[in-house]
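Chain letters run A, B, ... following the sequence lines, proteins first, then strands; residues in each count from 1. The structure presented is a predicted model; accordingly, all values stated were derived computationally and were not measured.
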Amino acid sequence: MARLPAPLPYQTQVAIFSRLRDANPAPVTELQHQNPYQLLVAVALSAQSTDAGVNRATEDLFDRIHTPQQMLELGQDGLTEAIKTIGLFRQKAQNVIRMSQILVDDYGGQVPSSRAALMSLPGVGRKTANVILNCVFGQPAQAVDTHIFRVCNRTRIAPGRDVDEVERGIEDNIPAEFQQNAHHWLILHGRYICQARRPRCPICPINDLCPYEEKTA
DNA sequence: ATCCCGAGGG
DNA sequence: CCCTCTGGAT
């Protein structure tokens, strides 16, 4: 059984996140949705779909729909039509409608603040719940998606064999001053630079601090 | 472990 | 043409 590589030392973490911060001065994705309900829907829709696709599909939708009540008025057919361009759209539309009904019935139309309540919603798993806990309620929950899992392991910012290990690694190893925005920067880095199939190491801002090898092409 | 599924990229 | 994509539910 292979042992886990050690996480990068503190000073290296500071250097890495300083550069990631400077490379991405303007957080976009999360801040666009200051509305917790819209963020919940957007993240629920993002499963196995491209960020560009979800952004395109929700741009018009969120102009009109700001609350679960409004979503229920739109109805499942209306929502299905609105998100037809992203994958899994039937499932997702049904989940969002059911979720919205529960929010209205059981939570006064508000987004609940406990992990258990969030994860009991249809279409909401651990990752989506943690995004809400972190971005909406400021709790120290780390949402480890495939981007973050990959980046944390390649860079050894927070090595882990599974989501739980990476989650704890992020909390334990990333300097406190960067905890708040770590989620956002790691995702952007994974999306645009540290890509799954073709990592763009030659233009990576933390190339010299990263032990990841595949520096081909 | 497997299915869900359309768009975009290589 | 084949593969992947900010997961979740079974």
Side-chain angles (χ1 to χ4, degrees), chain A residues 20 24 27-33 36 38-62 76-77 79-103 111-112 115-136 141-155 157-158 160-167 169-170 180-203 214 216-217:
Chain A
L20 293 182
N24 304 290
V28 183
T29 314
E30 262 76 29
L31 294 186
Q32 270 177 350
H33 309 293
Q38 290 183 338
L39 177 61
L40 177 61
V41 172
V43 178
L45 292 180
S46 77
Q48 288 300 105
S49 300
T50 62
D51 53 347
V54 173
N55 288 338
R56 199 179 337 109
T58 53
E59 199 170 281
D60 290 333
L61 183 69
F62 287 162
Q76 187 167 332
D77 292 340
L79 179 58
T80 302
E81 183 60 32
I83 65 172
K84 226 172 179 72
T85 54
I86 67 176
L88 310 176
F89 63 94
R90 252 180 282 269
Q91 268 188 34
K92 288 174 177 175
Q94 185 179 47
N95 282 339
V96 168
I97 293 298
R98 286 184 181 167
M99 167 207 301
S100 302
Q101 187 70 57
I102 294 174
L103 292 184
V111 176
R115 176 180 279 121
L118 287 165
M119 287 185 65
S120 75
L121 300 171
V124 179
R126 184 187 187 81
K127 181 230 161 189
T128 303
N130 279 3
V131 171
I132 300 302
L133 290 173
N134 189 329
C135 296
V136 175
Q142 295 299 335
V144 178
D145 53 42
T146 59
H147 279 330
I148 293 186
F149 186 83
R150 181 178 69 250
V151 171
C152 285
N153 272 298
R154 280 181 179 171
T155 59
I157 286 173
R161 301 181 199 89
D162 54 35
V163 169
D164 286 329
E165 267 185 344
V166 173
E167 261 190 40
I170 290 176
Q180 190 79 6
N181 292 309
H183 174 73
H184 184 258
W185 289 329
L186 290 173
I187 280 203
L188 287 185
H189 187 64
R191 166 70 178 84
Y192 294 107
I193 305 291
C194 198
Q195 294 169 347
R197 186 53 83 103
R198 201 178 78 81
R200 308 176 71 187
C201 297
I203 64 166
E214 201 154 338
T216 55

Nucleotide nearest A:R197 (side chain, heavy atoms from C-beta), chosen from C:dG7, C:dT4, B:dA7: C:dT4
Can you see if the side chain of A:Q48 gets near the phosphate of C:dG7 - specifically, an N or O under 4.0 Å from OP1 or OP2? yes
What interatomic distance, in whole Å, is found between P of C:dT6 and the corresponding atom of B:dG10? 14 Å
Can you tell me how far C1' of C:dT6 sits from CD of A:Q142, to the nearest Å? 14 Å
Picking from B:dC4, C:dT6, C:dT4, the nucleotide nearest the side-chain atoms of A:S46 would be C:dT6
Sugar-phosphate, base or nothing in reach of A:G53, heavy atoms under 4.0 Å: nothing
Sugar-phosphate, base or nothing in reach of A:V124, heavy atoms under 4.0 Å: sugar-phosphate
Write down the distance between CG (A:L45) and C1' (C:dT6), rounded to a whole number of angstrom. 12 Å
Candidates C:dT4, B:dG6, C:dG7 - which lies nearest the side chain of A:T146: C:dG7
Atom CD of A:Q91 and atom P of C:dC5: how far apart are they, to the nearest Å? 18 Å
For A:A52, which contact category applies under a 4.0 Å heavy-atom criterion: base, sugar-phosphate, or nothing? nothing
With a non-hydrogen cut-off below 4.0 angstrom, is A:G125 in contact with a base, only sugar-phosphate, or nothing? sugar-phosphate
Over all strands shown, is A:L121 touching base, sugar-phosphate only, or nothing at heavy-atom distances under 4.0 angstrom? sugar-phosphate
Any sub-3.5 Å donor-acceptor pair from A:K92's side-chain atoms to A:L45's backbone N or O? yes
Rounded to the nearest 0.5 Å, what separates atom CD1 in A:I170 from atom CG in A:L186? 6.0 Å
Could you go step by step and tell me if A:V111 and A:I132 meet the side chain to side chain contact (heavy atoms under 4.5 Å, CB included) rule? CA-CA 9 Å; A:V111 176; A:I132 300 302; 3.9 Å; yes
With rounding to the nearest 0.5 Å, note down the distance linking CE in A:M99 to OG1 in A:T128. 8.0 Å
Does any part of the side chain of A:S46, heavy atoms only, come nearer than 4.5 Å to the side chain of A:D145, both counted from C-beta? no
Considering only side-chain heavy atoms of A:R150, which listed nucleotide, C:dT6, C:dC5, C:dT4, is closest? C:dC5
Pair A:N134-A:Q180, side-chain hydrogen bond (donor to acceptor under 3.5 Å, both in side chains): steps then yes or no: CA-CA 8 Å; A:N134 189 329; A:Q180 190 79 6; 5.2 Å; no
Can you check the distance between B:dA7 and C:dG8, where both ends of the measurement are the P atom (answer in whole Å)? 23 Å
Interatomic distance, A:E167 CD vs C:dT6 P [rounded to whole Å]: 19 Å
Quick check for you: among B:dG8, C:dC5, B:dC4, whose closest atom lies nearest to any side-chain atom of A:R56? B:dG8
Using whole Å, what does the distance between atom P of nucleotide C:dT4 and atom CZ of A:R191 come to? 16 Å
Distance check needed: B:dC4 P versus A:N95 CG, whole Å only. 15 Å
How many Å lie between CE on A:M119 and C1' on C:dG7, as a whole number? 11 Å
Integer-rounded Å distance: C:dG8 C1' and A:R126 CZ: 14 Å
